[in-house]
Enquirer: 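I'd like to ask you about the structure that follows.
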Amino acid sequence: MSAYNFKGLEKKWSPIWEDMDLYKTGDDQGNKNFYCLDYFPYPSGAGLSVGHCRNYIPTDVICRKKRMDGHNVLHPMGWDAFGQPAEEYAIKTGMHPAEVTRINTENYKRQMKLFEAGYDWDREINSSHPDYYKWTQFFFLLLFDRGLAYQSDNFQMYCPQCRIVLSNEESAGGICWRCSSEVVKKRLPQWYFRITDYADRLLDELDDLDWPENIKAMQRNWIGRSHGAEVVFTVKTEEELVHLPVYTTRIDTIFGATFCVLAPEHPDLLQITTEKCRKDVQEYIRSSSTKTDLQRLVASEKGKTGIFTGAYATNPFNGKEIPVWTADYVLAGYGTAAIMAVPAHDERDHAFARKYDLPIIEVIAPDGVPQGVEDEATVADGQLINSGQFSGLSSEESRETMAEFAENNNFGKAETRYRIRDWLVSRQRYWGAPIPIIHCDNCGAVPERNLPVILPDVKSYEPDDTGRSPLAACEDWVNTTCPECGSPAKRETSTMAGFACSSWYFLRFASPNCTDAPFDIEEVNKWLPVDLYVGGAEHAVMHLIYARFWTKVMYDAGMLNFTEPFTCLKNQGMLISYDHQKMSKSKGNVITPDEMIVKYGADALRLYIIFMGPFEAEIEWSEEGLAGTYRFVKRIWNLFLETADFKEIETDEVFQKELRYELARTIKKVTEDIDGFQFNTGVAAMMEFLNFLSVNRDKAASVSAAWRKAQQDFLTVLAPAAPFVTDELWHILGFGGENETIHTQKWPEWVEEDLVKDTVEIVVQIKGKIRDRISVPVNSSKEEIEKIALSREKIQEYLKGSIPRRVIVVPGRLVNIIG
RNA sequence: GCCGGAGUGGCGGAAUGGCAGACGCGACGGACUCAAAAUCCGUUACCUUUCGAGGUGUGAGGGUUCAAGUCCCUCCUCCGGUACCA
């Protein structure tokens, strides 16, 4: 008997499967189609760690099972290749980013093949290739033509560390998503996509998606729809009447407004400021402009700051004049950048009013009882008091009637606002898809329809702090003629953020070689939307929201017949290193699949990755655990070879029945667990079955046919998780011929009748405590079971002759006697 | 603060309202061996025990139920997200 030699098996089988095109996308007319997609990876120089395996191995297992189930499977892989790290490396070494990318993708691909992830490499795509980014540019123009791309020089987030502007999604919490440094505000002309136009649909269409609840919650939060009202206050300056619209979700508290606050960035701030206050206000604007949002927030924890403008605004509801302040606790980018402050019923306004000694007027009484508002704001809804004609109404009804009242009197209306901002998509960087726009003095921003706009070679990839792209230095390329009027014009020198490339790649995989369109609609309709999308949770409000947005735009343009790209989404849990920290190159605690495969083999690694715990759970790496699945594989090898040959002996009917029962139970469990993403318990079921076979190995010959059937089915259900050892044993044991492979066999079905036992053990409880166990025929009636249970000697002893008040019988499970 | 999720042995974790701790790791004992490794067999929640068994136990406290890790209420802790969004 030969010893288990995983290296030999890996060397032998990989090329054989490649020759048979095992992973080629299926195309059988009668089969259902299944599109399984992994997140578009950025090929980093660090290569793959075992953490990445938690993404790629489970999807591979699913796809292998789906193929055996009779599905056409599309499981592609490609590279989100544009981006900063390749460019940074190029800046440091002078190597072209394309070359850096080529080396890194080759390494990723090599590693994926090491653990035998079965991708259809004929469909490999690379977003930095002109054949691909031509279509990214095409979609930019689609958005442009539909009025969804525009230029603006609003404030934007800038990461000084990465020297790059960021979208709001990329700088959530004032922190750069890539390097975690604090972002600052800059004002540069940039390109935006009007994602806010789609806010309602992005929010409402989340409901029906089979996505993790937390991801949906994050998107809902991020979109942040709120229903409120805009109310126009007025300020009389010496020269004119300035309208000052404020946004509030609590119009019911408007009689309690005792001052207004404008963000320091508010456009009308200096206009309304009185001469006397001007100097101080200017100084306040200057000092707050130097702070990051994060610094403002931190500073405000010690106490909010602000300054009086000298102006007074009139509350249209009661004609009262209240002072106007500026303070940086009011955000520039939200609502109207101006608020009415109601210190009695808003914590922030309360803190501000206390600090600057502004009046506090109580106007809401929860359940009709005023709570007092000197020490603390009352934020709960209630009954309106001190509110003129509206007094006595509830908060809820007054929000409606007061908004109507404002509208009827032309000083306001009900309004819905969103937290989400437009998507800042341009980057002053080299390694990205050039934005296909030409700037002409006569015609303005003109689309370049002659695509692709090829990224030219440049001498220096270095971005500068002035906001000029490295492409700007490339004069031959920049200077062109206007496609509309023919006069000299200049190309847009910024490139698109990487998230543009990944907003449509899932469509490209359906027809990766399509040349006259971004995709072949027939192929797209055949495969999409994606049936199963798997990746980490970190893209909840970045990639996943952008991709949904582009899909809806394409739908509106009549290019697609679906509005959501990803039907089912799963997030794998993080893999924590042995030192309880995230794996990272800088911490030096990265474990690579390469070293583990050398030590234990690909099958053991694959099994461990799916067995270590629930798919979504964060789990700590344990090499001892991997050694455990390695032992499991080795035990299969030894036991199956040991029981490979039989001499005919008399059949052991009892054991045969038991074996069939265990086999059926195992097939059922493994089938249901892989389908339900419960790989860990599926593997456990296979381990249990092996334990069962192992304990009964001496009976193998007494049930030879059933034993062989058990071996065959066991290998087949194990094949997706452990492709090498199963194919080898399958051949050694003679289940398939030379040109066959276990991986194209039909997924076994369990025999339902085998799951029916003759007798079943039932526990007998007295008042919920187990006192005895009885074995009864499986189809015994409740009465029969009760009779047997009550007649047991042990039970009689416990009952001591007393007559049970009640007996509950659950056939097949238990008897509970209540004394 | 708000939103989402989770609290079960020494550890990772199992359990359609019906035998808590499957499976794996680790540990302990044994077999094999000159010895070790590997392998195989057994034990392994806690407390008590006359070794038959008895009691306790799923973050805490209440409740529903014949029966609760599972359902309901209150609270605590941890993880993730978000954070002046008016």
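Hydrogens, waters and symmetry mates are skipped; everything else that's a heavy atom, side chains included, is used. On a predicted model such as this, the values are computed, not experimentally measured, just so you know. Below, chain A is the first sequence line, B the second, and so on; all start at residue 1.
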Enquirer: OP1, OP2 of B:rC40 versus side-chain N and O of A:Arg697: anything below 4.0 Å?
Expert: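 Looking at the OP1 and OP2 atoms of B:rC40, neither is under 4.0 Å from any side-chain N or O of A:Arg697.
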
Enquirer: Using the C1' atom as the reference point in each nucleotide, state the distance between B:rG54 and B:rC3 in Å, no decimals.
Expert: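 Rounded to whole Å, the distance is 48 Å.
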
Enquirer: Using a 4.0 Å cut-off on protein heavy atoms (strictly under), produce a 5'-to-3' string for nucleotides 6-22 of chain B with B for base contact, S for backbone-only sugar-phosphate contact, and - for none.
Expert: ------BSS-B-BB--B

Enquirer: With ring centroids as reference points, do A:Phe632 and A:Tyr630 lie under 6.0 angstrom apart?
Expert: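 A:Phe632 vs A:Tyr630: aromatic centres not under 6.0 Å.
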
Enquirer: Given that both pair distances must be under 3.5 Å and the pair must be Watson-Crick or G-U, what runs of three or more consecutive pairs involve RNA chain B?
Expert: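 Stem segments, range with range: B:1-7 with B:76-82, B:10-12 with B:23-25, B:26-31 with B:39-44, B:45-48 with B:53-56, B:59-63 with B:71-75.
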
Enquirer: Considering every strand and a 4.0 Å limit on heavy-atom distances, what is the contact class for A:Gly628: base, sugar-phosphate, or nothing?
Expert: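 The answer is sugar-phosphate, as A:Gly628 gets under 4.0 Å only of primed atoms, P, OP1 or OP2.
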
Enquirer: Expressed as a whole number of Å, how far does the C1' atom of B:rC34 sit from that of B:rC25?
Expert: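 Their C1' atoms lie roughly 32 Å apart.
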
Enquirer: Under 4.0 Å between a side-chain N or O of A:Arg806 and OP1 or OP2 of B:rC66?
Expert: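 For B:rC66, OP1/OP2 do have a side-chain N/O of A:Arg806 under 4.0 Å.
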
Enquirer: Check every atom of B:rU82, B:rA86, B:rA38 against the side chain of A:Ile339 and return the nucleotide holding the closest atom.
Expert: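 Selected nucleotide: B:rA86.
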
Enquirer: Just checking A:Asn691: base, sugar-phosphate only, or nothing, at a heavy-atom cut-off of under 4.0 Å?
Expert: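 If one applies the 4.0 Å heavy-atom cut-off, A:Asn691 turns out to touch the sugar-phosphate alone, with no base involved.
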
Enquirer: Using the salt bridge (charged side-chain N to carboxylate O under 4.0 Å, His left out) rule, collect all pairs that involve residues 612-632 of chain A, keeping only residues at least two apart or in two chains.
Expert: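 Found A:Lys599-A:Glu623.
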
Enquirer: Mind checking whether A:Trp621 and A:Tyr608 have ring centres under 6.0 Å apart?
Expert: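 Yes, ring centres under 6.0 Å apart.
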
Enquirer: Would B:rG17 be called syn or anti here, given the cut-off of 90° from 0?
Expert: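 Anti, which is what one calls it when the glycosidic angle falls more than 90° from 0.
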
Enquirer: Please measure how far the P atom in B:rG24 lies from the corresponding atom in B:rU39, and state the result in whole Å.
Expert: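 Rounded to whole Å, the distance is 14 Å.
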
Enquirer: For the residue pair A:Phe692 and A:Phe689, does the interplanar ring angle fall in the parallel (under 30°), tilted (30 to 60°) or perpendicular (over 60°) class?
Expert: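 Correct class here is parallel.
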
Enquirer: Across the strands shown, which category fits A:Ser622 at heavy-atom distances under 4.0 angstrom: base, sugar-phosphate, nothing?
Expert: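 Since no nucleic acid heavy atom lies under 4.0 Å of A:Ser622, the category is nothing.
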
Enquirer: Would you please confirm or rule out a distance under 4.0 Å between OP1 or OP2 of B:rU56 and any side-chain N or O of A:Lys769?
Expert: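 True: A:Lys769 side-chain N/O within range (under 4.0 Å) of B:rU56 OP1/OP2.
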
Enquirer: So does A:Lys304 reach the base of B:rC84 with its side chain, donor to acceptor, closer than 3.5 Å?
Expert: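 When only heavy-atom distances are counted, A:Lys304 does reach the base of B:rC84 through a donor-acceptor pair under 3.5 Å.
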
Enquirer: When the C1' atoms of B:rG13 and B:rC84 are compared, how many Å lie between them, rounded to an integer?
Expert: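 These two C1' atoms come out 42 Å apart once rounded.
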
Enquirer: Quick one: does A:Leu607's side chain get under 4.5 Å of A:Val683's, heavy atoms only?
Expert: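 With C-beta onward as the side chain, the pair touches.
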
Enquirer: Look at all strands and tell whether A:Arg631 reaches a base, only sugar-phosphate, or nothing, counting heavy atoms closer than 4.0 Å.
Expert: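 Touches sugar-phosphate only.
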
Enquirer: RNA chain B: A:Tyr630 or A:Thr336, which has the more 5' nearest nucleotide?
Expert: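 Nearer the 5' end of the strand: A:Tyr630.
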
Enquirer: Tell me, which pairs form a salt bridge (charged side-chain N to carboxylate O under 4.0 Å, His left out) where one or both residues lie in residues 682-700 of chain A, sequence neighbours left out?
Expert: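 As it turns out, the salt bridge (charged side-chain N to carboxylate O under 4.0 Å, His left out) pairs with a partner in residues 682-700 of chain A, which skip direct neighbours, are A:Glu642-A:Arg697, A:Arg665-A:Glu688.
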
Enquirer: Rounded to whole angstroms, how far apart are CG on A:Asn571 and C1' on B:rG81?
Expert: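 Roughly 12 Å, once rounded to whole Å.
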
Enquirer: With sequence neighbours left out, what residues match A:Phe640 under ring pair (Phe, Tyr, Trp, His ring centres under 6.0 Å)?
Expert: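 Residues passing ring pair (Phe, Tyr, Trp, His ring centres under 6.0 Å) with A:Phe640: A:Phe714.
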
Enquirer: Could you give the distance separating B:rG69 and B:rC78 at their P atoms, to the nearest angstrom?
Expert: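 Roughly 25 Å separates the two P atoms.
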
Enquirer: How long is the line joining CG of A:Asp698 and P of B:rC40, in whole Å?
Expert: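 Value for this atom pair: 16 Å.
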
Enquirer: Figure out the CE/C1' separation between A:Met686 and B:rC23, and round it to whole Å.
Expert: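 So the two atoms are 12 Å apart, to the nearest Å.
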
Enquirer: For A:Leu209 and B:rG4, give me the distance from atom CG to atom P, rounded to whole Å.
Expert: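 Value for this atom pair: 18 Å.
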
Enquirer: Base, sugar-phosphate or nothing for A:Ser226? Non-hydrogen atoms, less than 4.0 Å.
Expert: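 It contacts sugar-phosphate atoms only.
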
Enquirer: Using the C1' atom as the point on both nucleotides, what is the distance between B:rG57 and B:rA20, in whole Å?
Expert: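 Result for the C1' pair: 9 Å, nearest Å.
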
Enquirer: Within the structure shown, what part of the strands sits under 4.0 Å from A:Val330 by heavy-atom distance: base, sugar-phosphate, or nothing?
Expert: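 A:Val330: base contact, heavy atoms under 4.0 Å.
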
Enquirer: Can you tell me the distance, in whole Å, between the CE atom of A:Met687 and the P atom of B:rC25?
Expert: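 My rounded result for the distance is 7 Å.
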
Enquirer: Go through it in stages, so that I can follow the logic: the residues are A:Thr416 and A:His227, the test is side-chain hydrogen bond (donor to acceptor under 3.5 Å, both in side chains), and I'd like the CA-CA distance, side-chain angles, deciding distance and then a yes or no.
Expert: CA-CA 5 Å; A:Thr416 301; A:His227 299 290; 3.1 Å; yes

Enquirer: Quick one about A:Thr681 and A:Gln678 (side-chain donor to acceptor, distance below 3.5 Å, no hydrogens or angles considered), yes or no?
Expert: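 Checked: A:Gln678/A:Thr681 side chains show no N/O donor-acceptor pair below 3.5 Å.
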
Enquirer: Using the C1' atom as the point on both nucleotides, what is the distance between B:rG18 and B:rC71, in whole Å?
Expert: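 Their C1' atoms lie roughly 14 Å apart.
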
Enquirer: Measure CG/A:Asp772 against P/B:rG54 and give the value in whole Å, please.
Expert: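 Atom-to-atom, A:Asp772 to B:rG54, this comes out as 11 Å.
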
Enquirer: OP1 or OP2 of B:rG24 less than 4.0 angstrom from a side-chain nitrogen or oxygen of A:Tyr608, does that happen here?
Expert: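 Result: no.
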
Enquirer: I want to check a possible cation-pi pair here: A:Arg225 against A:Tyr418, using under 6.0 Å from ring centre and within 45° of the ring axis as the test.
Expert: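 Geometry flag: not set, cation outside 6.0 Å or 45°.
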
Enquirer: Would you mind classifying the nucleic acid contact of A:Ala540 as base, sugar-phosphate or nothing, using non-hydrogen atoms under 4.0 angstrom?
Expert: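 Since no nucleic acid heavy atom lies under 4.0 Å of A:Ala540, the category is nothing.
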
Enquirer: For B:rG30, does the O4'-C1'-N9-C4 (purine) or O4'-C1'-N1-C2 (pyrimidine) torsion place it in syn, i.e. within 90° of 0, or in anti?
Expert: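 Judged by the O4'-C1' to base torsion, B:rG30 sits in anti, the angle falling more than 90° away from 0.
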
Enquirer: Could you work out the separation of B:rC23 and B:rU50 based on their P atoms and round it to a whole Å?
Expert: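 So the two P atoms sit 31 Å from each other.
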
Enquirer: Just by distance, with hydrogens left out, do A:Asp349 and A:Tyr329 show a side-chain donor and acceptor under 3.5 Å apart?
Expert: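 Per modelled atom types, A:Asp349 and A:Tyr329 side chains form a pair under 3.5 Å.
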
Enquirer: For the pair made of CZ in A:Arg635 and P in B:rU39, what is the distance, rounded to whole Å?
Expert: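 It works out to 10 Å between those atoms.
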
Enquirer: How close or far is atom C1' of B:rU39 from atom CZ of A:Phe632, stated in whole angstroms?
Expert: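 It is 17 Å, rounded to the nearest whole Å.
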
Enquirer: Applying salt bridge (charged side-chain N to carboxylate O under 4.0 Å, His left out), name anything that partners A:Arg399, two or more places apart in sequence or on another chain.
Expert: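 Result, salt bridge (charged side-chain N to carboxylate O under 4.0 Å, His left out) vs A:Arg399: A:Asp252, A:Asp381.
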
Enquirer: Does A:Arg421 reach a base, just sugar-phosphate, or nothing at all? Heavy atoms under 4.0 Å.
Expert: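 The answer is base, as A:Arg421 lies within the cut-off (heavy atoms under 4.0 Å) of a base atom.
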
